[in-house]
Visitor: 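Can you read through this structure? Questions will come right after.
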Amino acid sequence: MNTMRLFEWLAVHIRAIRIAMVPILIAMVCGVYSLVYITGGIKFVYSHSMYLPIMLAGFVFGMRGGLVVGLIGGIVLGPFMPIDVSTGEQQAMLNWLYRTGFFMLVGFSCGGASDSVRSYLRHLKWIARHDLATQLPNRSALLDALAELPKVKSNANLHVLVVVSLQNAMELKSAFGFDVIEEVIRQSAARYTNILQDKVQVYRIDPEQLGILIKNRDAQTINLLLADLVRGARQPYQFNAIPIHADSRLGYATFGKVIQSPEFYLQRAESALISADEDALDCVAYSPETSNFAKENLSILGNLMSAIKEGQLSLHYQPKICIRTGEVHSVEALMRWNHPERGNIPPAIFIPRAEQSTLINLITEFALEQAMKQIVLWRQQGIHLPIAVNISPRNLLQPGFSDLVLSLLQRYDVSGQSLELEVTEGALMTDIARTIVELSRLAEAKITISIDDFGTGYSSLQYLHQLPISLIKIDQSFVRRLPDDKGAVHIVEAAVTLAHKMGMQTIAEGVEEQSAYRLLSDLGCDIAQGYMISRPLPAAEFEKWHAQYQAENLSLPA
Ligand code: C2E
Ligand code: CA
Ligand code: CA
């Protein structure tokens, strides 16, 4: 490592070293010449010390330097230098030529070795600063470029650091294989370079991220360039002659001068990217709020593991009512995090963050296990209600997910009929072949599979038919617009008809108003869930609600 550092230092300062070496080499050659002369001439051993300046010249100046100093060495110890100073005996021409040739050979060899080491080091340095697959400069090259920006602001212009990220990389990889990412990164780098033209470098800072440094532009130009970049990002890419859509998001930070470490600016652009991702926006600028938000979210994620262990997570239960009979059909388990300092953290904050990491597997496992324990407890109390657990897209891609669910059923001695899994449309479409296999195994064990948030994703009806789904949950965004919004009415009506034609039932979620409930009943919707019936409640409170509901034999107006 230290030798590498020394070589690196030498490579950086080579010009100064070469300049300094010129007088040193002249002095050395003259010194050796004088030494040989003073000690009596060529026949004395000191003539060998001429190798020293030759080798040094080869090392510092390379092959050509070694040859030149070898030749000079040969000349100075040549015909003007006698074999014996005291007798004045001169050396033979052949001897002199031979020595000169040998000196040049030494210079040539040392220089050649030094040149190879230098070119190898240059290559290593290139590798350290580039992405080999795309040949684009990498993250450390970007940090170096940031470090080289001026420390003082000379005009009103700004620098912009943009980070572009491929959001649907996992989906693309599972559909087209790993090569697709390299290809999309290559094409997008070429596209952005083309858009930005003069001297804007694009860097690959992560396997699925590009960094773009736009230097010294006025605010108006920056806005136009960013708009062009966003437009460029939306264009499809070609992979094996197939047009594919890569879902790109942009986060950027603007600054006038570089007074902090280069990482500081990159972190700002990346925290803007996190906000773009969370709010599903194409392009977001850094602001202190986005940074706090990102920091908060990251610290949340850091605490999540211990939250599970320390029992800060729990499930709340929200009933689903069978519209025709008014009976409680089942309950949905919704995760709650009771943080000791921050109070209740809603699932909308921590679930999407957990979904981006493998932590979601722990969460789902926890939810499944809690639900099983609750089913057993309620069974002992005479409450026989299936519990629906929410499943994230990542869970279905996790190898052995169905095994996990089936083994939990076995461990708690719970029948599949007591468990429902709510899966979003996106989850179903990510890897359809695998999803079919996993869900079929679960459905064979009589577990109910329902599609959550139906109408918000882009499920293919053809695939819906192939999946073992028994329930469709119509998304709250439609239900909340009932009964006045005609468009929403038509969508709900169509979903109910479609579900029934395919032998499935429908649940309307987010039912808040009696009027909506009545219309849902008229439209033939099977099940309703929402604040109008009950909010999600902790187990003990749900038991009270359930007892009261049963006692009053409250049948909701149909
Ligand atoms: P979701 O699965 O669509 O759950 C329905 C959400 O709507 C719940 O929000 C519920 O409290 C809320 N809700 C129910 N009825 C009404 C209503 O009448 N009006 C309104 N405005 N809202 C209603 P919550 O509990 O905040 O959960 C949000 C999302 O977090 C869930 O959406 C689900 O996607 C996710 N989530 C919750 N628990 C889990 C879990 O254990 N695992 C996973 N993977 N996701 C979970
Ligand atoms: Ca749900
Ligand atoms: Ca939902």
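None of these values were measured; they are calculated from a predicted model. Order of listing sets the numbers, starting from 1, for every ligand and every atom in it.
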Visitor: Check each of Glu512, Glu513, Met335 against atom 38 (N) of ligand 1 and report the one with the nearest heavy atom.
Guide: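 Residue with the shortest heavy-atom distance to the ligand atom: Met335.
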Visitor: Are any of the protein's heavy atoms under 4.0 angstrom from atom 34 (O) of ligand 1, yes or no?
Guide: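 It does not; no protein heavy atom is within 4.0 Å.
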Visitor: May I ask you to check if any N/O/S atom from Glu332 comes under 3.0 Å of the Ca ion (ligand 2)?
Guide: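 Checking the Ca ion (ligand 2) against Glu332, an N, O or S atom does fall under 3.0 Å.
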Visitor: Within the structure provided, determine whether Leu146 and Phe255 are in side-chain contact (heavy-atom separation under 4.5 Å).
Guide: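 Yes - at least one pair of side-chain heavy atoms lies under 4.5 Å apart.
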Visitor: Protein heavy atoms: any of them under 4.0 Å from atom 9 (O) of ligand 1?
Guide: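 So far as the 4.0 Å threshold goes, atom 9 (O) of ligand 1 is out of reach of every protein heavy atom.
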Visitor: Scan Glu509, Glu332, Glu327, Glu422 and name whichever one has a salt bridge (charged side-chain N to carboxylate O under 4.0 Å, His left out) with Lys320.
Guide: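 Result: among Glu509, Glu332, Glu327, Glu422, Glu422 is the only option passing the salt bridge (charged side-chain N to carboxylate O under 4.0 Å, His left out) with Lys320.
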Visitor: Nearest 0.5 Å, what's the OH-CD distance between Tyr517 and Glu512?
Guide: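 It comes to 15.0 Å.
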Visitor: Given OE1 of Glu509 on one side and OD1 of Asp452 on the other, what angle do they make at the Ca ion (ligand 3), to 10°?
Guide: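 Rounding to the nearest 10 degrees gives 100°.
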Visitor: Considering only non-hydrogen protein atoms, determine which one is nearest to atom 18 (O) of ligand 1 and report residue, atom name and distance to 0.1 Å.
Guide: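 Result: Tyr531 N, 2.8 Å.
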Visitor: Answer yes or no: does an N/O atom from Glu422 fall short of 3.5 Å to an N/O atom of ligand 1?
Guide: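 Min N/O separation from ligand 1 is not below 3.5 Å for Glu422.
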Visitor: Do any N/O atoms on Arg336 end up under 3.5 angstrom from N/O atoms on ligand 1?
Guide: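 Yes, since at least one N or O of Arg336 sits under 3.5 Å from an N or O of ligand 1.
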Visitor: What do you think, any protein heavy atom under 4.0 angstrom from atom 29 (C) of ligand 1?
Guide: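 Within 4.0 Å: no protein heavy atom nearby.
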